[in-house]
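Data first, discussion second: the structure below is written as structure tokens.
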Amino acid sequence: MRFIIRSHNDAFHLEPCDSETAAAPGAADYLIGDADTLLRLYVETDLDDPLFKLLQQLRGHFLADLDAVETRAEIYGLIYWLLDDNGISAQGASLEETADRLSDIDIAADSDQYAKIIFHLRDAVDRLCEMELEDI
């Protein structure tokens, strides 16, 4: 999964990068070919930069397909960025423990406030387990 973030006059838009149809990125554009590139750009981008919202949107694409994310570090980076954006501290807990804690909060409040985050946490735990089994 590859994307180009096109930049024009401090405005940004996202396009999928299909090698057959996409025009080459310009000097002010960003080619995002993997989660690592996205995470590096995220670290370099200020929260109030107009680019930041688009990076968050792009993070959603990567979280939706964690099978395409290549390393554990990238998965953790995407998840901790998601947690940070939502004001959630893992408090030294594992991803699974964090998902359980958020689930308990949702149950106690009779809400689905954290449902999407819990889904991503559990999906990340599953993907990390798969990666660990692949290494055996």
Side-chain angles (χ1 to χ4, degrees):
M1 123 180 60
R2 293 170 42 128
F3 298 90
I4 295 177
I5 299 175
R6 301 271 184 204
S7 174
H8 182 68
N9 296 333
D10 290 332
F12 300 94
H13 72 278
L14 183 64
E15 11 180 289
C17 183
D18 180 340
S19 60
E20 299 167 7
T21 60
D29 298 338
Y30 302 94
L31 178 62
I32 309 293
D34 55 24
D36 180 63
T37 305
L38 173 64
L39 289 164
R40 289 177 190 278
L41 185 56
Y42 153 67
V43 168
E44 296 172 3
T45 305
D46 292 329
L47 297 177
D48 59 349
D49 189 312
L51 175 61
F52 192 78
K53 290 283 186 205
L54 206 55
L55 296 178
Q56 291 172 311
Q57 179 184 345
L58 193 50
R59 177 191 63 207
H61 289 284
F62 282 93
L63 286 172
D65 186 15
L66 284 179
D67 288 338
V69 178
E70 297 179 13
T71 69
R72 290 179 182 87
E74 292 169 352
I75 292 172
Y76 280 111
L78 292 168
I79 291 295
Y80 283 116
W81 176 15
L82 175 69
L83 292 174
D84 186 58
D85 277 2
N86 286 279
I88 299 168
S89 170
Q91 300 173 346
S94 70
L95 297 183
E96 192 167 10
E97 292 168 336
T98 302
D100 290 344
R101 180 172 53 93
L102 294 175
S103 182
D104 290 345
I105 292 169
D106 268 359
I107 290 169
D110 194 24
S111 73
D112 289 330
Q113 175 182 357
Y114 298 113
K116 285 184 181 181
I117 296 168
I118 294 166
F119 170 79
H120 288 305
L121 285 165
R122 297 209 189 279
D123 192 33
V125 168
D126 290 345
R127 177 67 176 129
L128 290 165
C129 287
E130 287 173 14
M131 293 172 102
E132 189 173 311
L133 290 174
E134 289 170 2
D135 289 345
I136 293 178

Quiz question: by atom type and distance under 3.5 Å, do the side chains of D106 and S111 form a donor-acceptor pair? yes
Is any side-chain N of the basic residue among D123 and R127 closer than 4.0 Å to the acidic one's carboxylate O? no
After noting the C-alpha distance and the side-chain angles of D36 and T71, does the key distance pass the side-chain contact (heavy atoms from CB on, under 4.5 Å) rule? CA-CA 9 Å; D36 180 63; T71 69; over 6 Å; no
Distance in Å, L128 CG paired with E130 CD, rounded so as to fall on 0.5 Å steps: 9.5 Å
Looking only at heavy atoms, the pair that brings L78 and A35 closest together is CD1-CB, 4.0 Å
Enter the distance from I118:CD1 to L102:CG here, rounded to the nearest 0.5 Å. 5.5 Å
R122 vs S103 side-chain heavy atoms within contact, under 4.5 Å: yes
Report yes if some heavy atom in the side chain of I75 is under 4.5 Å from a heavy atom in the side chain of L66; otherwise report no. yes
E132 and R72, any side-chain heavy atoms less than 4.5 Å apart: yes
Can you get from F119 to W81 by hopping between Ile, Leu, Val, Met, Phe, Trp and Tyr side chains that sit under 4.5 Å apart? no
Do I107 and I88 sit in one hydrophobic cluster, given that two such residues count as connected whenever their side-chain heavy atoms are within less than 4.5 Å of each other, even indirectly? no
Atom OH of residue position Y76 - does it have more than 12 heavy atoms of other residues, nucleotides or ligands inside 6.0 Å? no
Taking atom NE2 as the centre, does H13 end up with more than 12 heavy-atom neighbours from other residues, nucleotides or ligands that are less than 6.0 angstrom away? yes
L121 and V125, any side-chain heavy atoms less than 4.5 Å apart: no
When rounded to the nearest 0.5 Å, the distance separating NE2 of H120 from CG of L83 is 10.5 Å
Please name the pair of heavy atoms, one in A28 and one in S7, separated by the smallest distance, quoted to 0.1 Å. O-CB, 3.2 Å
Here the gap from L63 atom CG to L82 atom CG, rounded to the nearest 0.5 Å, amounts to 6.0 Å
Would you say N86 and Y114 make side-chain contact, with heavy atoms under 4.5 Å? no
Looking at every heavy atom in both L31 and C17, which two are closest together, and how far apart are they? CD1-SG, 3.9 Å
Return yes if some donor-acceptor pair links the side-chain N/O of D49 with the main-chain N/O of L51 below 3.5 Å, else return no. yes
Look up atom CD in E74 and atom CZ in F62, then write down how far apart they are to the nearest 0.5 Å. 8.5 Å
Going by distance alone, is a donor N or O of one side chain under 3.5 Å from an acceptor N or O of the other, for T37 and D34? yes
Are T98 and I117 side-chain neighbours, meaning at least one heavy-atom pair lies under 4.5 Å? no
Working to the nearest 0.5 Å, report the span between CG of L39 and CD of E44. 11.5 Å
Under a 4.5 Å cut-off applied to non-hydrogen side-chain atoms, are D85 and F52 in contact? yes
Got H61 and L38 here, is their nearest side-chain heavy-atom distance under 4.5 Å? no
